[in-house]
Amino acid sequence: ATARAVTVIGLGPMGRAMAGAFLDRGYGVTVWNRTASRADGLVARGAVLAPDVERAVAANELVVLSLTDYDAVYAALGPAEAALAGRTLVNLSSDTPRKARAAARWAAERGAVHLTGGVTVPPSGIGGAESSAFYSGPREAFERHRPALEVLTGRTDHRGEDPGLAALMYQIGMVMFWTSMLGYWQAIALADAHGLKAADILPHAVETAHSLPGFFSFYAERVDAGTHTGDVDRLAMGMASVEHVLHTHEDAGVGTLLPAAVVELFRRGMDAGHAADSFSSLLESVKGPRA
Ligand code: NDP
């Protein structure tokens, strides 16, 4: 195997985009997927479909994994354990930091190096200069394979040796993504109850989303300094606002699970005596106790 050669295991939308990006850059690409037919388009473009996963792993030192989660990684690699020694596994499957650390140990026990990756773009972003991914694990392996990793995403960010760190950064992005998108669905549901289409509220939704980075930056400094004084905003004001949101949904007969959960968090902050403090004091309510 040459240095510009890679194995990609897992050909979902992500793995296919990754294998495709390597082909576009002239890499020798060996692929394997549980459902072999997903490799057809890549084979037509010059990829080699390994007859089994063991031979896919054996084909190259660099093995990129793009599977649903870490359970799928073990399921896929189980029959290839004998071929793992000496391989660098770049695991771009998403899962928890704890599972990433366990997988690094699992790989090490089999003589392989495990680099955890967290890709922050959808398949359409793979191969783009503006896309980015987090990595963690042995820096030496990351540096050695950096040119190949930069085929996948133009920007790469090695967070440290702890294999859990890249998974953590990925999950930090995901909690923001999923809760924000649910906020968007909620807004669309409220609009819909009043005969408005998603397109009708799009400019307003986009403008609202664009206002958030300013708030992130403003509060980051204060939060890190432990400053939650009510000099710029007061939790009691926010409490009234989120109750208006909840009541607007109730009046329209729209589901209130999400706005009610928001009111509940504000209520806990109020009960803890933060009425006159900043809304950032809610961090305490968010942190726990659980549920
Ligand atoms: P998919 O879930 O569509 O891809 C799944 C791949 O895993 C397929 O190749 C599938 O094989 C394989 N697989 C699942 N279970 C098993 C198993 N038990 N044994 C063997 N193979 C298995 O995911 P994506 O391609 O969309 O994404 C891959 C990873 O990238 C995921 O962890 C995802 O969270 C992450 N990611 C995805 C993004 C996206 O927008 N799609 C964005 C950022 C990260 P088969 O074809 O046979 O079913």
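Everything numeric in this text was worked out from a predicted model, so none of it was measured. Remember, it's 1-based here, ligands and their atoms both numbered in the order they're listed.
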Return the closest protein heavy atom for [atom] as residue, atom name and distance.
{"atom": "atom 38 (C) of ligand 1", "answer": "M14 CE, 3.4 Å"}
{"atom": "atom 34 (O) of ligand 1", "answer": "S94 OG, 2.7 Å"}
{"atom": "atom 44 (C) of ligand 1", "answer": "Y170 OH, 3.3 Å"}
{"atom": "atom 46 (O) of ligand 1", "answer": "R38 NE, 2.5 Å"}
{"atom": "atom 15 (N) of ligand 1", "answer": "A72 CB, 3.4 Å"}
{"atom": "atom 22 (C) of ligand 1", "answer": "R34 CZ, 3.8 Å"}

(message) Keeping T116 on the side-chain end and P163 on the backbone end, is there a donor-acceptor pair under 3.5 Å?
(response) yes
(request) Please work out whether the ring planes of Y135 and F142 are parallel, tilted or perpendicular, with thresholds of 30° and 60°. (result) tilted
Got an N/O contact under 3.5 Å between [X] and ligand 1?
{"X": "W32", "answer": "no"}
{"X": "V119", "answer": "no"}
{"X": "L67", "answer": "yes"}
{"X": "T68", "answer": "yes"}

(request) Would you sort out whether R267 and E243 count as a salt bridge (Lys or Arg N to Asp or Glu O under 4.0 Å), showing the intermediate values? (result) CA-CA 10 Å; R267 169 61 53 205; E243 281 182 330; 3.7 Å; yes
(message) For R25 versus E150, what's the shortest heavy-atom pair and its separation?
(response) NH2-O, 4.2 Å
(request) Provide the closest heavy-atom pair for P138 versus L115 in the form atom of the first, atom of the second, distance. (result) O-CD2, 3.6 Å
(request) List the steps, then state whether side-chain hydrogen bond (donor to acceptor under 3.5 Å, both in side chains) holds for Y74 with D69. (result) CA-CA 9 Å; Y74 296 120; D69 54 26; over 6 Å; no
(message) Under 4.0 Å, counting heavy atoms only: does D95 come that close to any atom of ligand 1?
(response) no
(request) Below 4.0 angstrom from a heavy atom of P123, which ligand 1 atoms are there? Numbered from 1 as shown, please. (result) 39 (C), 40 (O), 41 (N)
(request) For residues T96 and Y70, determine if any side-chain heavy atom of one lies less than 4.5 Å from a side-chain heavy atom of the other. (result) no
